[in-house]
Amino acid sequence: MSNPYKDEFPPVREIPLHGRDHKDVLAMMTDLRDREESRWVDGFASGSVYHGDPEHIAFLSEVYALHSQTNPLHADLWPSISKFDGEICRMTATMLNGDDDVVGTVSSGGTESILLAMKTYRDRGFANGITEPEMVIPATAHAAFDKASQYFGIKKVSIQPGPDGRADVVAMTAAINANTVVVVGSAPNYPNGLVDPIEALAEAASERGVGMHVDACLGGFVLPWAERLGYEVPPFDFRIPGVTSMSADTHKYGYAAKGTSVVLYRGKALRHFQYYTTASWSGGLYYSPTFAGSRPGALIAQCWAAMVSMGEDGYLAAVRQILETASQVKAAVREIDGIEVIGDPLFDVAWKSDEVNIWGVLDEMAKRGWSLNGLQEPAAMHLCVTLRHCQTGVVERLVADLAACVQYLRENPDAGSDLAPVYGMAQMTEMQGLVEAGIADYVDKLYE
Ligand SMILES: Cc1ncc(COP(=O)(O)O)c(C=O)c1O
């Protein structure tokens, strides 16, 4: 998708000679915002916006404005941001049943939390004499782990999940060796929304003296409340002794604006492997706990404000609505002939098909305004349920459109001309390089 505004709003290629009037800039930006708002506001998007209530957004924006000039790199100038940072970590650790030993940092998002954790284990491995570090992950783990493998030179040992879609404990245990620095599980994973057998994985890891990272980026701010509401939630957090780190995204179900996540470690000693410090730079003594140098303190402030303004009662009420809506989605999708829900997820509901090309269904749904997510191995698609889908009529619209699109694919098996053929190509190992090059070209287009 290239720039749809090219003609109406000519691209700005040079800094304007004279500064534009604030009013004009704001008018143009408001216009663009208004054009793009309805799809996510009305619940056509999977995941993406997790809260989205206008009053909540206005409150977070007000907090952002209050702290917009802050930068925790200068802790002497803005100790308030360090306080918010520490308290976000503490609140998250407590929610995930970590005792005072569990510490963390606020990062810019789930991917950064995962990258930081993997770098941490790599560096601890180096300190312990492991020169060729490996990570053992289920194939359903987020792409951020593959990214970490590429960025940090950690060998990725990716194990196909069992037939139930969850991590295969026996195969993952067998893959642990003397070079393994970390074992990974998801709570839940992104593709099919299922929680891996964390307890068994953590036991296998700790018996072999290996760290265990639980990626709760998606579920960290849902599962604790789901458990409190009486839903069946498998053990996944710091109550399991072998769990040595976790990631949980405040900018998803924590309901902060985009740009924050929390990475937690059991013990300060492990967290130290994440930090960067130098005493030999001509610019002076320097440190950064995460990857960035300067960081937007305002995002940390609004994250703190989101958490304390939601409160336990707010999170419980939100999760109750989300889980009830997800149950309706699951029940209704199970009624549609030709598609099948994968497992019994709590809120991130995936479905596959033995009868129709599911990526064709994805394309047909897109024509009806939906922005759902395509998945591979198995070919599937999902809806990650958020508060946007809890509005009246959204589930009914989804199910009616989905039933119609599945039926359309039955009658027109080759339908779907956007992502379906690309996914089709990506299934052939020898074509994956070509598809990856095509993705890079697509990204180039986004910058044009
Ligand atoms: C399970 C899981 N881990 C990690 C991530 C990455 O999060 P982000 O997009 O904030 O980098 C996601 C995103 O959806 C996720 O679902």
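Ligands are counted one by one from 1 in listed order, and the atoms in each one are counted from 1 as well.
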Below 4.0 angstrom from a heavy atom of T111, which ligand 1 atoms are there? Numbered from 1 as shown, please. 6 (C), 7 (O), 8 (P), 11 (O)
Considering only the protein, which heavy-atom contact is closest to atom 3 (N) of ligand 1, and what is its distance? D215 OD2, 2.6 Å
A student comparing K258, K147, H142 should find that the heavy atom closest to atom 12 (C) of ligand 1 comes from H142
What protein heavy atom lies closest to atom 7 (O) of ligand 1? Include the residue and the distance to one decimal. K252 NZ, 2.9 Å
Please say whether P188 places an N or O atom under 3.5 Å from an N or O atom belonging to ligand 1. no
Under 4.0 Å from one or more heavy atoms of C217, ligand 1 contributes atoms 2 (C), 3 (N), 4 (C)
Would R397 pass as a cation-pi partner of F44, given that its NZ or CZ must be under 6.0 Å from the six-membered ring centre and within 45 degrees of the axis? yes
Considering only NZ, NE, NH1 and NH2 on the basic side and carboxylate oxygens on the acidic side, decide whether E312 and R228 come within less than 4.0 Å. yes
Show the atoms of ligand 1 that are less than 4.0 angstrom away from any heavy atom in D249. 7 (O), 10 (O)
Is D344 salt-bridged to R334, going by a charged N under 4.0 Å from an acidic O? yes
Can we call the ring centroids of Y253 and F347 under 6.0 Å apart? yes
If we only count N/O pairs under 3.5 Å, is E112 in contact with ligand 1? no
For K367, check salt bridge (Lys or Arg N to Asp or Glu O under 4.0 Å) against everything at least two apart and list the hits. E364
Only residue of S261, S247, S107 satisfying side chain to side chain contact (heavy atoms under 4.5 Å, CB included) with E112 is S107
Can you confirm, on distance only, whether ligand 1 has an N/O atom lying under 3.5 Å from any N/O atom belonging to H251? yes
Within the 6.0 Å centroid threshold, strictly below: H382 and Y190: yes
